[in-house]
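One structure below.
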Amino acid sequence: MKKNTIMIYGINTLYEAIKSKIKIYKIYLNNKNNKNNKIKKIIKYSKKNNISLNEIINFKKIEKKNHQGVFAIIDHIQLFKIEKIIPMIYNSGKIPLLIILDSITDVRNFGSIVRTSACTGVDAIIINSVTINSDSIKTSSGGIFKIPICKEKNIIKIIRYLKSFGIQVIAVTEKTDNICYKFNYKNPTAFILGSEQKGISKKYLSLCNNTVKLPLIKNSLTSLNVSVACGAILYETIRQRLI
């Protein structure tokens with residue numbers, strides 16, 4: 001594989017890459033006569049744009065993946081700087097909605113968060129550790145092509161930067177008594193979520209405007225999967241903003 005390229009697999013993932021005008025180098029199919037409408041569009045697109053189209057009967061390298069008979073080699077996923085994204089959001093007239101992920105390393109959790117974020121209008125996702133690979137792209141169902149990803153080492157600096165632009169930074173953590181439904185997310189908001197192993201770093205928690213948690217039934221499990229928690233808080237935000 002070429003340097004600075006990445007492999008993606010699955011019909012929807014490749015289809016979204018095409019719609020998002022991602023640079024595609026090669027496409028591999030195990031059945032060019034597949035009657036799936038998206039496969040037909042993929043073949044048509046490859047011919048129109050002179051993309052190498054190869055037929056392979058056995059996908060040995062990714063046989064354990066849910067590849068649906070298709071994979072491709074694409075350009076690397078572009079990363080952005082949040083300092084360039086925030087002015088663009090305000091200039092577009094939108095109310096900023098951001099996600100900050102602290103120490104999350106599970107690529108499938110990350111992919112699920114990206115997918116939900118793309119569905120709920122999140123303007124950017126800020127990460128400090130997770131790797132963007134084939135599995136996270138597949139789990140995002142192509143959502144990673146639709147939302148800016150910003151990789152930042154200094155999250156403290158980023159939190160302070162966001163607050164200077166009037167964006168409230170809210171930590172979603174079980175280590176608080178504040179139920180999430182009691183807060184207003186109609187204003188510019190950035191949610192920070194941590195890994196299930198480490199949670200959110202204390203140094204970040206101390207800088208947040210508020211901490212909130214999702215309510216759990218008494219005697220239930222002690223915490224939610226981070227991607228589920230992210231989805232719940234984002235849809236509460238959408239509910240408030242739609243009203």
Shortest non-hydrogen contact from Tyr90 toward Pro96: CZ-CG, 3.7 Å
Interatomic distance, Ile200 atom CD1 to Ile192 atom CD1 [nearest 0.5 angstrom]: 5.0 Å
Residue pair Ile95, Lys186: steps toward the side chain to side chain contact (heavy atoms under 4.5 Å, CB included) verdict: CA-CA 8 Å; Ile95 300 172; Lys186 293 181 180 180; 5.8 Å; no
Evaluation steps, side chain to side chain donor-acceptor pair (under 3.5 Å), between Asn37 and Tyr15: CA-CA 11 Å; Asn37 285 332; Tyr15 188 66; over 6 Å; no
Path from Ile18 to Ile74 over hydrophobic side-chain contacts below 4.5 Å: yes
Chi angles and distances behind the side chain to side chain contact (heavy atoms under 4.5 Å, CB included) call for Val169, Leu207: CA-CA 8 Å; Val169 180; Leu207 291 173; over 6 Å; no
Check: Ile127 and Ile100 side chains under 4.5 Å, non-hydrogen atoms: no
Test side chain to side chain contact (heavy atoms under 4.5 Å, CB included) applied to Ile144 and Thr13, step by step: CA-CA 9 Å; Ile144 203 161; Thr13 304; over 6 Å; no
Any donor-acceptor pair under 3.5 Å from Thr173 side chain to Lys175 backbone: yes
Electrostatic pair Glu152-Lys157, nearest N-O below 4.0 angstrom: no
Between Asn128 and Lys153: side-chain donor-acceptor atoms closer than 3.5 Å: no
Beyond-backbone contact of Cys230 with Val172, side-chain heavy atoms, under 4.5 angstrom: no
Smallest separation among heavy atoms of Cys180 and Ile233, with atom names: CB-CD1, 3.6 Å
Between Asn154 and Tyr161: side-chain donor-acceptor atoms closer than 3.5 Å: no
Within-4.5 Å side-chain heavy-atom neighbours: Lys138 and Ile8: no
CE-CG distance between Met7 and Asn133, expressed to the nearest 0.5 angstrom: 9.5 Å
Worked verdict on Glu16 versus Ser141 for side chain to side chain contact (heavy atoms under 4.5 Å, CB included): CA-CA 8 Å; Glu16 291 299 333; Ser141 197; 5.9 Å; no
Distance, nearest 0.5 Å, that separates CD1 of Ile113 from OG1 of Thr139: 11.0 Å
Leu97 side chain reached by Arg241 side chain, heavy atoms, under 4.5 Å: yes
Side chain proximity check, Tyr9 to Val70, heavy atoms < 4.5 angstrom: no
Shortest non-hydrogen separation from Asn209 to Gln168 and the atoms involved: OD1-CA, 3.3 Å
Lys163, NZ: over 12 other non-hydrogen atoms inside 6.0 angstrom: yes
Smallest separation among heavy atoms of Phe183 and Gln240, with atom names: O-NE2, 2.9 Å
pair Ile43-Leu29: side-chain heavy atoms closer than 4.5 Å: yes
Polar side chain donor-acceptor pair, Asn178 to Asn210, under 3.5 angstrom: no
Nearest-0.5 Å distance, CD1 of residue Ile126 to NZ of residue Lys81: 10.5 Å
Parallel, tilted or perpendicular: ring planes of Tyr28 versus Phe71, cut at 30 and 60 degrees: parallel
Thr189 and Asn187 side chains, donor-acceptor separation under 3.5 Å: no
Path from Ile99 to Tyr235 over hydrophobic side-chain contacts below 4.5 Å: no
Check: Leu79 and Ile132 side chains under 4.5 Å, non-hydrogen atoms: yes
Same cluster (ILVMFWY, side-chain, under 4.5 Å), Phe145 and Ile85: no
Validation row: Leu193, Asp102 side chains within 4.5 angstrom (heavy atoms): no
Hydrophobic cluster identity match, Phe191 and Ile149, side-chain contacts under 4.5 Å: yes
Val107 to Thr131 - nearest heavy-atom pair and separation: CG1-O, 3.4 Å
Closest approach of Asn109 to Asp106 (non-hydrogen atoms, all atoms of both residues): N-OD1, 2.9 Å
Test item: Thr105 side-chain N/O and Val130 main-chain N/O as donor-acceptor pair under 3.5 Å: no
NE2 on His76 to OG1 on Thr5, rounded to 0.5 Å: 10.0 Å
Interatomic spacing from CD1 in Ile82 to CG in Leu162 - rounded to 0.5 Å: 6.0 Å
Hydrophobic cluster membership, Phe165 vs Ile170, 4.5 Å side-chain cutoff: no
